[in-house]
Visitor: 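The structure's right below; bear with me while I get my questions together.
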Amino acid sequence: MKRVFTLSEKAWQGSCLQYKWQKTLGNYIAVAGPDSSVKIFDRHGQRRNELNLPGKCLAMDWDKDGDTLAVIADKSSSIYLWDANVNKTSQLDSGMRDQMSFILWSKTASLLAVGTAKGNLLIYNQQTSRKIPVLGKHTKRITCGCWSSQNLLALGSEDRNVTVSNHEGDTIRQTQVRSDPADVQFSVMKTDERASPGESTVSVVVGRKTLFLFNLNDPDNPIELAFQQRYGTIIAYRWYGDGYIMIGFSQGYFVVISTHIREIGQELFQAHNHKDSLTSIAISQSLNKAASCGDNCIKIHDLTELKDMYAIVNLDDETKGLDQLSWTDDGQLLAISSQRGTLHVFLTKLPILGDTCGTRVAYLTSLLEVTVANQVEGESPIAVEVEVEPNFIGVGPDHVAVGMNNRAWFYALGDGGVEKLKDTEYLGTVASMCLNSDYAAALFEGKVQLHMIEGEEQEVQEDRQTRLFPGRDDKCRILAHALTADFLFYGTDTGVIQCFYMEDWQYVNEHRHPVGIRKLCPDPNGTRLVFIDDKNDGFLYCPVNDSVYEIPNFAPTIKGVLWENWAMDKGVFVAYDDDKVYTYAFHKDTIQGSKIILAGGTKLPFSHKPLLLYNGELTCQTASGKTSSVVLGTHGFLHGTWKDQPPAELTRMLPQALMLKRFSEAWELCKVLNSTDSWAELGRACLHHMEVELAIRVFRMLRSVGMVMSLEGIKGIEDQNLLAGHLAMFTNDFNQAQDLYLASTCPIAALEMRRDLQHWDSALQLAKRLAPTQIPFISKEYAIQLEFVGDYVNALAHYEKGITGDNKFQEHDEACVGGVARMSIRMGDIRRGANQAIKHPSRLLKKDCGMILESMKQFSEAAQLYEKGEYYDKAASVYIRCKNWAKVGELLPQVTSPKIHLQYAKAKEADGRYKEAAVAYESAKDWDNVIRVQLDHLNNPEEAVRIVRETQSIDGAKMVARFFLRLSDYGSAIQFLVLSKCNDEAFQLAQQHSQMEVYADIIGSDATMEDYQSIALYFEGEKRHLQAGKFFQKCGQYSRALKHFLKCPNTDDNLAIEMAIETVGQAKDEALTGQLIDYLMGESDGMPKDAKYLFRLYMALKHYREAARTAIIIAREEQSAGNYRNAHDVLFSMYTELQTHSIRIPAEMATNLMILHSYILVKVHVKRGDHLKGARMLIRVSNNISKFPSHIVPILTSAVIECHRAGLKNSSFSFAAMLMRPEYRNKIDLKYKKKIEAMVRRPDTSELEEETTPCPYCNFMLPECELLCPGCKNNLPYCIATGRHMVKEDWSVCPHCSFPALHSEFLGLLETESVCPMCSESLSTEQVKKITDCSSYLQPDELEQ
């Protein structure tokens, strides 16, 4: 809030002041201090007059209109009256003897009430000059009083009575109070009935503690309200609103109560506004504000929302505290007096006056100050001190004008500051003024004067200095005008809008509107103009092409219009009233033509007047003389960051951006949203606004190839109508597209579009006008459509119209002739149609006509056409319907349809020609009937059986089964019953005729569990344990199966035991396993079975460790029996099995396998003549001779011989010596006995040194045949070809068993042998590959220790 002035007189110092604002107008303030005078100041703080009194001023008051100030003074019986209109003072004798103490003017009439110190009353009527003295109204001093709006007078006196009198002074009501009354006021209490008209409640403060409410209509029930002790005493109170009271307390509290009977006694609001004390409160109804003062500050609240503090004014220089607050009636000025004798006046409300020129704003900031600012351009505000309180303001690029009544003052705004130019008087009271750089235009009393602002000095032609509008001949009044850089626009009461061009000094445009023009608002360039007429409708007028558009949803309360000043947003403007701003956008180029849309509304804050619109931001002027910015709701997307916004909010912003044609922002919004729907919305808007380039970019983002290609095709078109037509078509608005095409330079496009859309009626109409040569082609297309929907009459007519008779269009004509043929048949002209179809080259036409004839039951003609068209199946089918079998027989070789063959076959069977029937049935692939005919009529079961086997026909199989049953061939019957899925019948048959084994064989693996169980039970009954067990096993009844297998007598092949093992393996049941093991061990019958069965059982159960132990035992037995190959194979198979299941190999098994394998290698090498290798293996075997108990002597003999041959004389001697032992000596073969004895007698201990090769683990050099490395203590893998330990550099494996072999040796061995020495699988040298990296084979922990 701005301080306007401060009054401080020497005579007033240190004491409180009395003061009163002039009522209604508020132009004067009367102030009385402790001295004997009343000083009168105007609203700018200038002293206007002074009333000198005989004593101190006791009271004063202004009359209701503010014309007369009445004053009473100490030591005087006169009433002093000052007339504000003529600035004269007069005296009126009261006629009262005692001292006057109270004075008050009526609210509604020119009645003045004066009270005295002794309780007497005088009522003076100023109009009639009549005085009514009322003596003894009270017995003591009258201290306070109030007039009601019904001219009742309430008075309070020190005699503790409150009286209510009429304007004649007669007492109507009187009531007594408990203490001294003060501050009497009239008001209306809130009641439910609201029955009493007028102010019927008197309120009074009693003893500064309570508030006494006295209802004139209910005098016996007064209400007395007391307040909290901590509030202190009541300083002041004010009624406001609908029966609310605001009360200020001495301790700084500020309380609001309601007088509604239900709410009485409740505090609606309470604030501790001032820390130490509160001295006064004031309410301004026109501002809707309340103020309180105390300490050294004023606090102002909004009455609608008391919690909101509107303003706080600190008066730091008032150290003694503040005193009284008072507002002018219009709320513009607030006076505050202080306890040290000063009076401050603050500006609380200004007339909202302002004007703009481009982005420059001029507005009233104080009563005598105008501020010119341009925030957009960044110019600092300039304050212009003016001489009068203006009624209007105008601003131009370089000037500002202010004025009141018929005068205007012009100021130049230069770089050096503000310079007053001149003042101008006009011929009437100026309503409004507009400025541009050179001219000013003032509107007064239906005329506009256009004149130069500084033209006197400039050399401007005389006749261009000034001009008065309208001309003398025009009988009209101008109601609105506007000025742009080049044009003056004005609108008259007759509805004429004139445009005057100042450059040429002549009218350039005129528009006539049906009713008067109330308001004009051109855009900054003057190319578009919004006007509001007397009916409060809004229109947009383009002077360039004289087009007018009505503004939609235009509120009748609209006060004004502002255009967007942001250069890029040319078509946007806002219309505003007191509460709301409506944003409109003028879309000049759309596919629907130019139009205006309402983009949305924004609520205006209270008492804000819009001045300027720039980039969606509205600069508004407020009553406090400031400007504030309001962002339009329609431009919300321009302000704030989008990243923090939820997608729903961004989705809401997108249509706003599109309505305002802000495509770059819309593009960015779509990028952030990145949803198909938002891109599609942007794409539709681009098409609507004919933004082809942008639309292409958008549809690329949507990956809409078709649309992009279509748009690329029309990109360069300059004809706006043609372009709009294409775009309207793309948006499916075909009627609009047609109108646009016809208005364009290429009307034929309308015809092309209608043809593409198959709108044939429209296309024919357009073709008559635009392209008659196209009529036959359109007629044909139309006829096709009519034929499709069944309108054959019109289709025939259009087909006939479509025939051109031109050889160039032969194909087209043929299609039309075909159509004529079809339609003729449809219309009943069968002969014409059929003849045309037969002559016509098209097969398809013959088929179509045949189908039509068939549907019309014209079978012979239909069949004939089908036959001509080579549709033999169709022809045969129709001939069958005619029962023309001879024709059918002729056509049969060309017929492929089984249905026709079937019909023919049935006919032939009925005739008793079974062979032909059978052939026809077979052609129809009706196998059941073929089988039936072969069995029943041709007695040819072989053929029937062949067909059943080939086709797997179930019904056929049943028929064949019945046939064999009749012949008592039960085996075959069962076989065919099973084939026909009649398992129960087959089972019963097998049971009756003891053919169960046949049934069981046939049913095989296809049977169900129930079938297997039935067979098992049958065999159980027959005591055929093996069969019963087998089928119980198949149906999962393992315990019963095992029981039967164990009952079987022992046979050579022991099939039952094998089956039992398989059963237990499947069952995985420990009880069954135990049962079988007991049987195999001989627990049950005392006859242990062969260990191999136990081995197989463990394998079946996947108990590989037990299987391994069993395998070792079996191998041992086989070895003892001398079956070394068998023992080797058992160990080998077990070895591989354990390896497959990743189970560690027992060391004993590995060792036994190695020794047995060494034994087998001996034979291989000796046979190949490689005696050294044979000897080395024999040495290994002989060192473990205990493992070969049945062949000790032959093996040792061989060792002696082979070692001798290989030059290993020492080894040969040691084995020979072993043979000389008594237990072996006699068993030596006589052939060798003497030789061996000779060796022992004459020993030769020379020995061939064994070669050394590196250990594959640690590269320690050790003898070739040594399998335990002394270096790393690892068991070394051995070569299956030589028995030596493996070497890294010469590694290969058998591809079948994966056992290692020295690559070079293995290849050498395979040159003579064709199998692997370990697994006996066939092998060739090509299959053996050398392995460079053998690390995967060198896993030292594969054996169990």
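The basis for the numbers below is simple: all heavy atoms, side chains too, and nothing from hydrogens, waters or symmetry mates.
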Visitor: Looking at E1250 and R1176, is there a salt bridge between them, counting it only when a charged N and a carboxylate O are closer than 4.0 Å?
Guide: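 Yes, this pair counts.
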Visitor: For the pair E1237 and R1242, evaluate salt bridge (charged side-chain N to carboxylate O under 4.0 Å, His left out) and give the outcome as yes or no after the intermediate values.
Guide: CA-CA 9 Å; E1237 284 171 351; R1242 289 185 297 280; over 6 Å; no
Visitor: Taking the six-membered ring where the residue is Trp, are the ring centres of H1165 and H1171 under 6.0 Å apart?
Guide: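 Ring centres of H1171 and H1165 not closer than 6.0 Å.
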Visitor: Using every non-hydrogen atom in the two residues, find where P1256 and K1288 come nearest and quote the distance to one decimal.
Guide: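 Reported closest heavy-atom pair: O-CE, 2.8 Å.
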Visitor: What heavy-atom pair brings L1161 and A1281 nearest, and what distance separates the two atoms?
Guide: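 Nearest heavy atoms, L1161 then A1281: CD2-O, 3.5 Å.
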Visitor: Under 3.5 Å, is there a donor-acceptor pair linking the side chains of S1211 and E1247?
Guide: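 Yes, E1247 and S1211 have a side-chain donor paired with an acceptor closer than 3.5 Å.
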Visitor: Has K1234 got a side-chain atom pairing as donor or acceptor with K1231's backbone, closer than 3.5 angstrom?
Guide: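 No, because the side chain of K1234 does not come within donor-acceptor range (under 3.5 Å) of the backbone of K1231.
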Visitor: M1177 and T1282: which non-hydrogen atoms are nearest, and at how many Å?
Guide: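 Distance-wise, the nearest heavy atoms are CE-O, 3.2 Å.
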Visitor: Enter the distance from I1280:CD1 to F1306:CZ here, rounded to the nearest 0.5 Å.
Guide: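 It comes to 4.5 Å.
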Visitor: N1184 side chain to R1180 main-chain N or O, any donor-acceptor pair under 3.5 Å?
Guide: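 At least one qualifying donor-acceptor pair exists.
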Visitor: Below 4.5 Å, heavy atoms only, C-beta onward: do P1300 and W1291 meet side chain to side chain?
Guide: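 Heavy-atom side-chain distance check passes, below 4.5 Å.
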Visitor: Kindly give the heavy-atom pair with the smallest separation between L1338 and P1277, and that separation in Å.
Guide: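 Between these two residues, the closest heavy atoms are CD2-CG, 4.2 Å.
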Visitor: Check L1262 against P1270 and note the closest heavy-atom contact, atom names and distance.
Guide: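 Nearest pair, atom of L1262 first, then P1270: CD1-CD, 4.0 Å.
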Visitor: Start with the C-alpha gap between Y1232 and V1200, add the side-chain angles, then the distance that decides, and say whether side-chain contact (heavy atoms from CB on, under 4.5 Å) holds.
Guide: CA-CA 10 Å; Y1232 305 115; V1200 172; over 6 Å; no
Visitor: Measuring from Y1224:OH to I1236:CD1, what's the distance to the nearest 0.5 Å?
Guide: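 So the OH of Y1224 and the CD1 of I1236 are separated by 14.0 Å.
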Visitor: Is it true that K1233 and D1229 make a salt bridge, defined as a side-chain N closer than 4.0 Å to a carboxylate O?
Guide: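 Looking at D1229 together with K1233, the answer is no, because their closest N to O distance does not fall below 4.0 Å.
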Visitor: Using a strict 4.0 Å threshold on nitrogen-to-oxygen distance, state whether R1168 and E1313 make a salt bridge.
Guide: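 Between E1313 and R1168 there is no salt bridge, as every charged N stays at least 4.0 Å from the carboxylate O atoms.
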Visitor: Which atoms form the tightest heavy-atom contact between C1269 and L1276, and what is the distance?
Guide: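 Closest approach of C1269 to L1276: CB-CD2, 4.0 Å.
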Visitor: Would you say K1329's side chain and E1326's backbone share a donor-acceptor pair under 3.5 angstrom?
Guide: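 Between the backbone of E1326 and the side chain of K1329 there is a qualifying donor-acceptor contact (under 3.5 Å).
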Visitor: Counting only N and O atoms by type, is there a donor-acceptor contact under 3.5 Å from the side chain of R1125 to the main-chain atoms of I1160?
Guide: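 Not a single qualifying donor-acceptor pair exists.
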Visitor: Taking the side chain from K1330 and the backbone from E1289, do they hold a donor-acceptor pair closer than 3.5 Å?
Guide: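 The answer is yes, because a donor-acceptor pair under 3.5 Å joins these two groups.
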Visitor: Could you grab the distance from atom OH of Y1337 to atom CE of M1286, nearest 0.5 Å is fine?
Guide: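 Taking OH in Y1337 and CE in M1286, the distance rounds to 10.0 Å.
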Visitor: Under a 3.5 Å distance rule, please check whether H1303 uses its side chain to pair with a backbone N or O of I1331 as donor and acceptor.
Guide: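 Pair absent, no side-chain N/O of H1303 close to backbone of I1331.
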Visitor: Does atom CD (E1251) have a neighbourhood of more than 12 heavy atoms from anything else shown, all under 6.0 Å?
Guide: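 Open.
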Visitor: Closer than 3.5 angstrom, by distance alone: can the side chain of E1266 be matched with the main-chain N or O of P1263 as a donor-acceptor pair?
Guide: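 Not at all, since once roles are kept as given, no pair shorter than 3.5 Å links the two residues.
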Visitor: Quick one: pull up CG in N1275 and OG1 in T1151 and give me the separation to the nearest 0.5 Å.
Guide: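 Interatomic distance, N1275 CG to T1151 OG1, rounded to 0.5 Å: 7.0 Å.
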Visitor: Is it true that a side-chain atom of D1290 and a backbone atom of S1304 form a donor plus acceptor pair closer than 3.5 Å?
Guide: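 It does hold such a pair.
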Visitor: Can you tell me how far apart SG (C1316) and CD (E1321) are? Round to the nearest 0.5 Å.
Guide: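 The CD atom of E1321 is 8.0 Å from SG of C1316, to the nearest 0.5 Å.
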Visitor: Within a 6.0 Å radius of atom NZ on K1163, are there more than 12 heavy atoms belonging to other residues, nucleotides or ligands?
Guide: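 Result for NZ/K1163: open.
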Visitor: Calculate, to the nearest 0.5 Å, the distance between atoms CD and CG belonging to E1264 and L1302 respectively.
Guide: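 Atom-to-atom, E1264:CD and L1302:CG are 8.5 Å apart.
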Visitor: So, the side chain of S1212 versus the backbone of L1208: is there a donor-acceptor pair under 3.5 Å, distance only?
Guide: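 Not at all, since once roles are kept as given, no pair shorter than 3.5 Å links the two residues.
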Visitor: Would you confirm whether S1292, through its side chain, and A1301, through its main-chain N or O, come within 3.5 Å as a donor-acceptor pair?
Guide: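 Yes, the answer is positive, given that a donor and an acceptor are paired below the 3.5 Å cut-off.
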